[in-house]
Amino acid sequence: MNRRSFLATGIGLGLGLAVGRASAAPLLPGPSFINTVLLGGSPEQKLRAARAAGFDQVELWTTDVARAEGGAAGVRALVTEIGLGLTDYQVLLDFDGAPGDKRAAKRAEALTMLDTAAAVGASTLLAPASTDPDCDPARITEDLVWLVDEARRRGLRIAYEGLAWSTVNPSHAGAWATIRNLDPRHAGLVVDSYHLFVRGETPAILGDVPPERIFLVQFSDIPGPVQPSDYREVARHARLLPGDGRLPLSGLVGKLSAIGYRGPVGLEVFNDRLKGESPETVAKQAFGALQKLLSEGANAAR
């Protein structure tokens, strides 16, 4: 091979490798996370298993902190030691629109959770739309303004999520409409594939949401349609890892990429069977499922 051919071949190979690297770039390059609800074992085992599997962050529950050795300080020390981030601290239930006889207690609970979130080193508190049947729609905005203001005082954010069975805001569209005019730096949306698809919404509704107002994205799968009467039961006990069900998750990946989302992407999978297995084994399986989903989404977009 002469020098000109060698250079041409080298340049061609270099361009080919560059193109290959570019095409392999992830559509959603944000940090990966796993919700600890999927994992069995002690809080310490869950955190170490998540990090060893390859996850960048975890969603942390109040029960994790309550059970951890050393409480909030112990959790903070451990995640710092192993280099694990916290996507959010959860979960402040039935806060917005709390009826009069519950409102004071809910605000006290919110303050405690905000303080704990700050203590463990989380930047975000997750607060789903209320499922209380007595939720007062007239108070929702006022309550969220108060909550976001308290979060801002602590340098925190509020991630608001419409649950499929929420009383007033069960949809992503409704949840977004509720928070869109709140402080954009401290109030954002949770996108959850289960709650999105189970109610018949599509990723198209995210076209109106600025990507920076989506604070995190949770993926899970299900084997088929779910009746409204079973929304909560399936969500809390029988979700599947991506790829083990029939939801069009690659389409959601593609839409998030198209709008420029670059935030945390991970798994919220409530599954009684998997929770009973080794946290190390399940965490590795979960990480593989997430990476496969993101790869399939990238391939579908090409």
Side-chain angles (χ1 to χ4, degrees), residues 31-72 74-75 78-79 81-93 116 120 122 126 128 131 161 163-165 190 192-198 216-227 229-247 249 264-294:
S32 63
F33 69 83
I34 185 172
N35 191 307
T36 60
V37 75
L38 176 61
L39 304 176
S42 69
E44 291 79 10
Q45 287 176 303
K46 294 180 182 186
L47 299 176
R48 291 188 183 278
R51 190 69 187 108
F55 288 102
D56 302 308
Q57 302 178 347
V58 295
E59 290 188 280
L60 191 71
W61 287 74
T62 56
T63 50
D64 293 322
V65 176
R67 293 176 54 219
E69 184 176 347
V75 169
L78 178 56
V79 296
E81 174 193 334
I82 63 178
L84 185 66
L86 298 177
T87 311
D88 60 72
Y89 181 58
Q90 57 181 250
V91 57
L92 179 59
L93 293 171
T116 304
V120 297
L126 196 148
T131 62
E161 178 179 12
L163 304 181
W165 58 93
V190 178
D192 183 309
S193 64
Y194 175 82
H195 299 297
L196 178 77
F197 289 118
V198 79
L216 63 137
V217 176
Q218 302 168 326
F219 285 104
S220 64
D221 214 334
I222 51 175
V226 179
Q227 295 301 312
S229 59
D230 295 327
Y231 282 167
R232 187 195 299 258
E233 181 68 15
V234 173
R236 292 292 181 250
H237 299 281
R239 296 198 219 185
L240 304 174
L241 292 173
D244 288 346
R246 300 177 61 186
L247 291 181
L249 300 178
V265 177
L267 304 175
E268 182 185 62
V269 180
F270 293 75
N271 184 292
D272 293 346
R273 179 183 62 81
L274 291 175
K275 194 175 181 68
E277 297 181 9
S278 158
E280 293 80 11
T281 299
V282 173
K284 290 177 182 178
Q285 182 181 352
F287 187 74
L290 178 61
Q291 296 308 305
K292 182 179 179 182
L293 168 62
L294 298 180

| request: Only counting residues at least two apart or in another chain, list the ones meeting side-chain hydrogen bond (donor to acceptor under 3.5 Å, both in side chains) with Thr62. | output: none

| task | Output the distance between atom OG1 (Thr116) and atom OH (Tyr89), rounded to the nearest 0.5 Å. | result | 4.5 Å

| field | Contact summary for Ile34 and Ala50, nearest pair of heavy atoms | value | CG2-CB, 3.7 Å

| request: Could you check Glu161 against Val91 for side chain to side chain contact (heavy atoms under 4.5 Å, CB included), going step by step and ending with a plain yes or no? | output: CA-CA 11 Å; Glu161 178 179 12; Val91 57; over 6 Å; no

| task | Please examine the side chains of Tyr231 and His195, heavy atoms only from C-beta on, and report whether any two atoms are closer than 4.5 Å. | result | no

| request: Could you pull out the closest heavy-atom pair between Val75 and Val65, with the gap in Å? | output: CG2-CA, 4.3 Å

| So how far is it from Leu216 CG to Phe33 CZ, rounded to the nearest 0.5 Å? | 5.0 Å

| request: Apply ring-ring contact (aromatic ring centres under 6.0 Å, His included) to Phe287 and list each qualifying residue two or more places apart in sequence or on a separate chain. | output: Phe55

| field | Contacts of Trp165 that satisfy side-chain hydrogen bond (donor to acceptor under 3.5 Å, both in side chains) - sequence neighbours left out | value | none

| task | List for me each residue that meets salt bridge (Lys or Arg N to Asp or Glu O under 4.0 Å) alongside Arg51, sequence neighbours excluded, and say none if there are none. | result | none

| Spatial distance of atom CG (Leu60) from atom OG1 (Thr36) [nearest 0.5 Å] | 6.0 Å

| message | Under a 3.5 Å cutoff, is there a donor and acceptor pairing between the side chains of Ser229 and Gln227? | response | no

| task | Say whether, by atom type as modelled, one donor and one acceptor occur between the side chain of Asp88 and the main chain of Ala122 under 3.5 angstrom. | result | no

| query | Got a sec, which residues hit salt bridge (Lys or Arg N to Asp or Glu O under 4.0 Å) with Glu233, two or more places apart in sequence or on another chain? | reply | none

| query | Rounded to the nearest 0.5 Å, how far apart are CZ of Arg48 and CD of Glu280? | reply | 11.0 Å

Kindly list each side-chain donor-acceptor pair under 3.5 angstrom involving residues 267-274, sequence neighbours excluded, with atom names and distances?
{"from": "Glu268", "atom 1": "OE1", "to": "Arg239", "atom 2": "NH1", "distance (Å)": "3.4"}
{"from": "Glu268", "atom 1": "OE1", "to": "Arg239", "atom 2": "NH2", "distance (Å)": "3.2"}
{"from": "Glu268", "atom 1": "OE2", "to": "Asn35", "atom 2": "ND2", "distance (Å)": "3.3"}
{"from": "Asn271", "atom 1": "OD1", "to": "Arg273", "atom 2": "N", "distance (Å)": "3.1"}
{"from": "Asn271", "atom 1": "OD1", "to": "Leu274", "atom 2": "N", "distance (Å)": "2.8"}
{"from": "Asn271", "atom 1": "ND2", "to": "Arg239", "atom 2": "O", "distance (Å)": "2.8"}
{"from": "Asp272", "atom 1": "OD1", "to": "His237", "atom 2": "ND1", "distance (Å)": "3.2"}
{"from": "Asp272", "atom 1": "OD2", "to": "His237", "atom 2": "ND1", "distance (Å)": "3.0"}
{"from": "Arg273", "atom 1": "NH1", "to": "Glu277", "atom 2": "OE2", "distance (Å)": "2.9"}

| query | Between Asp221 and Gly243, is there a donor-acceptor pair closer than 3.5 Å when you use the side chain of the first and the backbone of the second? | reply | yes

| message | Atom NZ of residue position Lys275 - does it have more than 12 heavy atoms of other residues, nucleotides or ligands inside 6.0 Å? | response | yes

| said: So which atom in Asp244 and which in Leu240 form the shortest heavy-atom distance, rounded to 0.1 Å? | reply: O-CD1, 3.2 Å

| query | With a 4.5 Å limit on heavy-atom distance, are the side chains of Leu247 and Phe219 in contact? | reply | no

| What's the spacing between Leu78 CG and Leu84 CG if we round to 0.5 Å? | 8.0 Å

| field | Neighbour count above 12 (heavy atom, 6.0 Å) for Arg236 CZ | value | yes

| request: State the CG-CG distance between Leu38 and Leu241, to the nearest 0.5 angstrom. | output: 6.0 Å

| task | Identify, with sequence neighbours excluded, every residue that meets side-chain hydrogen bond (donor to acceptor under 3.5 Å, both in side chains) alongside Asp56. | result | Ser32

| By salt bridge (Lys or Arg N to Asp or Glu O under 4.0 Å), which residues pair with Asp64, not counting sequence neighbours? | Lys46

| note | Those residues at least two apart in sequence (or on a different chain) that pass side chain to side chain contact (heavy atoms under 4.5 Å, CB included) with Glu69 are Glu44

| Close side-chain approach of Leu290 to Val265, heavy-atom, < 4.5 Å | yes

| request: Identify the heavy atoms of Val79 and Leu47 that sit nearest to each other, and give their distance. | output: CG1-CD1, 4.0 Å

| Closest approach of Pro128 and Leu93, non-hydrogen atoms and distance? | CG-CD2, 4.1 Å

| message | For Ser193, give me all partners under side-chain hydrogen bond (donor to acceptor under 3.5 Å, both in side chains), at least two apart in sequence or on another chain. | response | none

| message | Can you give me the closest heavy-atom contact between Pro31 and Gln57, atom names plus distance? | response | CG-NE2, 3.5 Å

